[in-house]
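Some notes on the structure that comes next.
Reminder, nothing fancy here: chain letters follow the sequence lines and each chain counts from 1.
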Number of protein chains: 2
Amino acid sequence: MVVQPDPVEALLTTYNELNPSVIEELHEEPSPLEFMRYVARNTPFVVRNGASDWNATRTWTADYLRDFLRQHKVNVAVTPEGNADCPTLHPDGKLVFAKPWEEDQPFPEFLDYLQRQELDRSEFQSSEIRYAQTQNDNLRHEYVSLFDQVQRDIPFARIALEKEPDAINMWIGNSHSVTAMHLDNYENIYVQIQGQKHFVLLPPHCHPCVNKKPLPPATYARSRDGENLELIMDHSANGDEVPDVPFAIWDPDCPEENATQYSKLAQPMRVTLNKGDMLYLPAMWYHKVSQSCSEEGICVAVNYWYDMDFSGPLFPLASFVRSVTVPHEIPE
Amino acid sequence: MVVQPDPVEALLTTYNELNPSVIEELHEEPSPLEFMRYVARNTPFVVRNGASDWNATRTWTADYLRDFLRQHKVNVAVTPEGNADCPTLHPDGKLVFAKPWEEDQPFPEFLDYLQRQELDRSEFQSSEIRYAQTQNDNLRHEYVSLFDQVQRDIPFARIALEKEPDAINMWIGNSHSVTAMHLDNYENIYVQIQGQKHFVLLPPHCHPCVNKKPLPPATYARSRDGENLELIMDHSANGDEVPDVPFAIWDPDCPEENATQYSKLAQPMRVTLNKGDMLYLPAMWYHKVSQSCSEEGICVAVNYWYDMDFSGPLFPLASFVRSVTVPHEIPE
């Protein structure tokens with residue numbers, strides 16, 4: 001008698017056998033056709049120094065940014081532990097999806113805080129963490145005055161995908177912020193301007209490994225005296241229940257915790273972006289992102305989101321894996 | 001309480017909502033980049049008149065072929081009903097996978113038979129059906145003397161896929177042969193030279209619709225007097241059981257017969273290739289192919305098989321759908 005293999009186990013091991021878990025490194029930008037081959041395989045790559053000739057990688061020092069944006073206020077995500085949009089243990093003991101306190105801060109004050117916290121850790125041991133991480137096309141709005149120092153788009157992606165970027169975002173933070181593992185329905189080109197980003201990547205079919213759970217949402221609020229951040233459960237104005245947020249609670253960097261029976265079959269792909277490096281993060285790949293700072297104590301990156309193509313087999317098939325293996329979740 | 005949709009039903013309907021069931025028609029060959037976009041979406045297209053300037057579409061008349069190959073013997077698949085490699089009811093009542101009797105015939109004799117059977121149906125009412133359908137790179141071997149009248153490869157495919165064709169095959173038959181619905185792990189470029197081919201296409205995730213069953217294999221054998229074809233169950237020399245052949249028994253042209261609960265959700269894509277048309281049949285698409293003849297009573301086509309890319313998500317995900325929904329079958 002033939003023993004039937006577990007289909008999910010077969011899916012994960014088949015993919016692992018057919019695909020490297022080490023990212024491909026290019027040393028110049030791909031042509032549109034070369035890029036399209038990666039899109040077809042839904043496979044990441046990094047272009048080392050792909051953006052090292054951009055003005056921003058020369059000009060965007062802390063002093064320059066502080067001066068250039070001295071009149072600006074920026075929207076800042078504030079958390080006690082750098083855990084914006086992250087599964088977090090609520091003081092009452094239950095795991096919640098923690099959203100940051102958001103406030104506008106004068107840009108120079110925000111930047112000073114990032115740098116002092118990074119460079120003089122003793123002074124800031126139990127302080128809050130700040131991260132400018134709005135993802136609302138901020139480089140063409142909030143920071144538009146800086147936009148001419150990066151590329152208006154990524155030509156190989158625009159030509160291959162036949163579309164303009166849907167959003168271009170700047171990210172400014174320090175090493176205390178971590179973006180928890182999640183996925184976006186976008187083709188993503190990520191460009192490092194200052195410091196480093198450390199990515200941990202998993203392909204879309206790894207739903208059964210990441211242990212997605214429906215987490216009740218909660219949001220940090222600054223206390224009246226401004227000293228403390230309190231995590232308050234979300235509630236609607238009319239008292240209706242707020243829907244849970246399905247979110248991965250397995251962290252490939254703590255693989256023993258919150259694991260599913262399949263987590264051990266995930267083969268995370270790890271890549272560090274240095275200043276001037278460019279990453280292609282394919283649509284629907286899970287990514288966890290942490291960061292290191294430049295000598296000035298900041299980490300700055302820019303990303304270009306291109307709408308993914310929902311036609312073809314990938315979106316329905318990845319949704320199928322999710323609905324078969326995470327039965328409590330209804331895919332959008 | 002939210003009712004969970006059936007994941008397989010959701011897969012099929014999501015795909016249908018996001019993808020047209022009508023094939024895209026081009027009027028000139030795509031560039032390699034344009035082709036790669038179709039490969040990325042695993043989506044067929046037809047190029048109307050894409051090969052109408054090939055020598056073969058002018059020169060390969062019946063008379064020309066008969067004369068050019070007058071010294072050749074060709075391998076011919078012989079069946080009673082045009083059912084080579086097809087689910088067939090065995091006289092003892094069980095459904096089997098019927099393989100053709102194969103024999104070498106002088107090419108002129110083979111061609112005469114095809115034409116006379118097609119053009120004078122009364123004479124041939126209960127006669128056997130013949131089809132030259134070897135798929136062993138025959139245009140670079142058996143028929144190599146004709147090879148310089150077609151393209152050596154399909155440039156847009158060679159450049160995009162970065163490989164030479166794995167096999168180039170010629171197919172010669174008449175309207176009595178039908179190729180039953182099956183799939184190949186190849187990117188396929190199909191070119192009509194004489195007559196018409198009628199394709200019915202289903203994407204790879206339609207495994208749950210096609211009702212694959214393990215069929216015992218059987219092969220036609222010509223009786224000693226040469227008059228009859230008898231369907232004989234395969235058996236191994238040492239008496240071991242011959243493994244069943246998993247094969248689709250649902251036919252989109254007879255949708256009520258042998259249907260699964262999901263067959264009605266399949267949206268077959270239909271396309272007829274006329275002389276000079278070129279079809280991109282993406283890897284792992286199910287296809288059923290029937291044919292009509294030119295005025296001379298023959299149907300001639302050529303196809304180019306390019307190895308598919310097993311890396312990336314499509315192969316493991318399509319295999320996953322198969323193993324979840326066709327549990328008796330172990331994907332290779």
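- Interatomic distance, CE of A:M36 versus CD of B:E34, reported as 11.5 Å (0.5 Å rounding).
- In terms of heavy-atom pairs under 4.5 Å with chain B, the best-connected choice from A:P282, A:A40, A:A318 is A:A40.
- Of the listed residues (B:T43, B:I159, B:V39), the one with the most heavy-atom contacts under 4.5 Å to chain A is B:I159.
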(request) Could you give me the CA-CA distance, side-chain angles and deciding distance for B:L317 and A:L314, then say whether side chain to side chain contact (heavy atoms under 4.5 Å, CB included) is met? (result) CA-CA 8 Å; B:L317 285 172; A:L314 185 60; 4.0 Å; yes
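- In this structure, the portions of B:A160 lying under 4.5 Å from any heavy atom of chain A include both its backbone and its side chain.
- Using a 4.5 Å cut-off between non-hydrogen atoms, the part of residues 11-21 of chain A that approaches chain B consists of A:L11, A:T14, A:Y15, A:L18, A:N19.
- When each of B:Y38, B:F35, B:F310 is checked for heavy-atom pairs under 4.5 Å with chain A, B:F310 comes out on top.
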(message) Does B:V324 form a side chain to side chain contact (heavy atoms under 4.5 Å, CB included) with A:V8? I'd like the steps, not just the answer.
(response) CA-CA 9 Å; B:V324 168; A:V8 177; over 6 Å; no
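- Counting heavy-atom neighbours within 6.0 Å of A:R152 CZ, excluding the residue itself, gives a total of 12 or less.
- For the atom pair CG (B:L33) and CZ (A:R37), the distance works out to 10.0 Å, reported to the nearest 0.5 Å.
- For residues 199-206 of chain A, a heavy-atom distance under 4.5 Å to chain B picks out A:H205, given by residue number.
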